[in-house]
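In what follows, a structure is listed as structure tokens, so that the remarks can point back to it.
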Amino acid sequence: MEVISELIKPFGAEYEEYLRDESRCSGEAGFVSFPTTEDQVREVLREAARLQTTITVQGARTGIVAGAVPQGGLILNLSRMKGLSEIAPAEDRAQITARPGTLLTELREKIEKQGWFFPPDPTETSASIGGMIAANASGALTFHYGPTRCWVDRLRVVLADGDVINLPRGTSFAQGRSFELTTESGRTLRGFLPSYNQPDIKSAAGYFVRDNMDLIDLFIGMEGTLGIVTEADLRLIPLPQACHGLVIFLPCESAALKLVRTARGEHVPEVPTVESKPVAIEFFSKEALDLLRSAKEKYSAFEAIPALNPAWHTAVYVEYHACADEEAEESICQVMEAAAALGSSEDDTWYGTNRRELEPIKAFRHAVPEAVNLLVDERKRQWHEITKLGTDMSVPDEYLEAVVSMYRRDLSEHGLEFVMFGHIGNNHVHVNIIPRSPEEYALGRSLYMKWAEEVVRMGGSVSAEHGIGKLKVQLLELMYGSQAVEEMRALKRLFDPGMILNPGNLFAVQR
Ligand SMILES: Cc1cc2nc3c(=O)[nH]c(=O)nc-3n(C[C@H](O)[C@H](O)[C@H](O)COP(=O)(O)OP(=O)(O)OC[C@H]3O[C@@H](n4cnc5c(N)ncnc54)[C@H](O)[C@@H]3O)c2cc1C
């Protein structure tokens, strides 16, 4: 086969895995490239323009909305563009410069040894820094620390034509909804931000826009549609001195929901108050615990998860970071008192008092989506068209119980197999439907659409953290309307006039 350039290879069977990401969807591609420097990225873009091909950007391909799944054209895989600078400390914080293919695990390994902490924690620690920025990844600790956006101080973004925007935080702001940005070649790009208002809750749906916003935020969560992130300055804080986590198993779901509200500092009748807020509050439904019980029996990979007492119904996880162990212990004691009032005893808990002890608990958390994926893979062998149906929606505080009972009512009415788990502190529970047939898959999809409509009516978001990718395009339009989607398209056209970057992400491309 013809070698197009040293950097671009024609797509061949040896690259098969790059057609997929963790959404388990598969695409197609004509070319593939693994640049290791920004200059190489720019060269690939020039060559892609000559070949008149579209480009799909990939980090570590752990995304679950098919954002990195190519739909023809060239795969630009950044997994070999790795590297971290030395840490630059400044009083109570520090900064590190990362190249996009660096994995979160690699970043953590370097900084934690020196006593620093990067809080974004999207469960899947093999995510790349570029992918986390492009997706504005969140995770359990977002409840306290915010999403990736809050920890990015500078970005370098290569645009579709190879020009570069270097954007330190605090230097370029929109005026209302209009803005201009100057590229490194001295070109000024003038445009308008879309006019929609984002709900004031955890959301990763569509471009981040606000009046007078810092323009760096436009490129965090843009899902690779506006440019390619080639470098980022990340903000670090000192590693928390004390890190305590507690899984509480409760006798029923309503007790778990009450515990969540109590842990958030809300008043719940007849439940003792909890004074300090955790950094994370996570939820595991009865079905999620049952799935883990059976995965533990079936797969050796799940052996590390501690045994789950058959009497345990629902679980809530809380984590506290503090300056001293005594402070964290005090908070944990208050949560245990609240849990006792809701029917849980000390024997119904797993407690970890440092990072090492928390590892099996984190493995337990990670194991839920992993177990779902394995089961969906099994089903897929029989029914190829089946994929996981995973919701990622958040609602305002007042709708927490309403949204959980809506999911439960509809799922049991239709007899679907499912689990519910996730970031309940942010009223953000993932429902994963595990279809047993194409009919159930179709039914699950229609339920998902119905829920999205309800969630939008509640003032919620159709995607709290995973983004829109290619799988949730319809939901983005449902949330903001067709006019807003047209405005997003116009914004993309400003940065990428040929609409070549990540076609199919966020919205269908109209050239
Ligand atoms: C088991 C499991 C649990 C997960 N839990 C969470 C969770 O709790 N919270 C959460 O937020 N996510 C979660 N995820 C999703 C995923 O890990 C995150 O979205 C992660 O940020 C993706 O990073 P990545 O490097 O794998 O990106 P990829 O999957 O490779 O790409 C993601 C998107 O970013 C774009 N992109 C990648 N790199 C760049 C770049 N350098 N420049 C421009 N665009 C780029 C891609 O085109 C794509 O649109 C989970 C995934 C799994 C498998």
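Remember, it's a predicted structure, so these values are computed and weren't measured experimentally. As the structure lists them, so they are numbered: ligands from 1, and atoms in each ligand from 1.
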Open item on the list: Rounded at 0.5 Å granularity, tell me how far CD1 in Ile433 sits from CE in Met420.
Closed with: 10.5 Å
TODO: Taking all heavy atoms of Gly459 and all of Pro199, pick out the closest pair and write down the distance.
DONE: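 Closest pair (atom of Gly459, atom of Pro199, distance): O-CB, 3.5 Å.
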Open item on the list: For the backbone of Gly221 and the side chain of Arg149, can you confirm whether one donor and one acceptor N or O come within less than 3.5 Å of each other?
Closed with: no
Open item on the list: Any carboxylate oxygen within less than 4.0 angstrom of a Lys/Arg side-chain nitrogen, looking at Lys470 and Asp21?
Closed with: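 The answer is no: the pair does not qualify as a salt bridge.
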- [ ] Classify the angle between the aromatic ring planes of His428 and His430 as parallel (below 30°), tilted (30 to 60°) or perpendicular (above 60°).
- [x]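 Taking His430 first and then His428, their aromatic rings stand perpendicular (interplane angle over 60°).
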Open item on the list: Could you check whether Asn426 and Ser394, counting side-chain N and O atoms only, form a donor-acceptor pair closer than 3.5 Å?
Closed with: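 The criterion, which ignores hydrogens and geometry beyond distance, is not satisfied for Asn426 and Ser394.
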Task: Set of residues that line ligand 1, where lining means a heavy atom lies under 4.0 Å from it - done: Glu22, Val57, Gln58, Gly59, Ala60, Arg61, Thr62, Gly63, Ile64, Gly67, Ala68, Leu78, Pro100, Pro122, Thr123, Glu124, Ala127, Ser128, Gly130, Gly131, Met132, Ala134, Ala135, Ala137, Ser138, Gly139, Glu223, Gly224, Gly227, Ile228, Val229, His366, Pro369, Glu370, His423, Glu465, His466, Asn502, Asn505
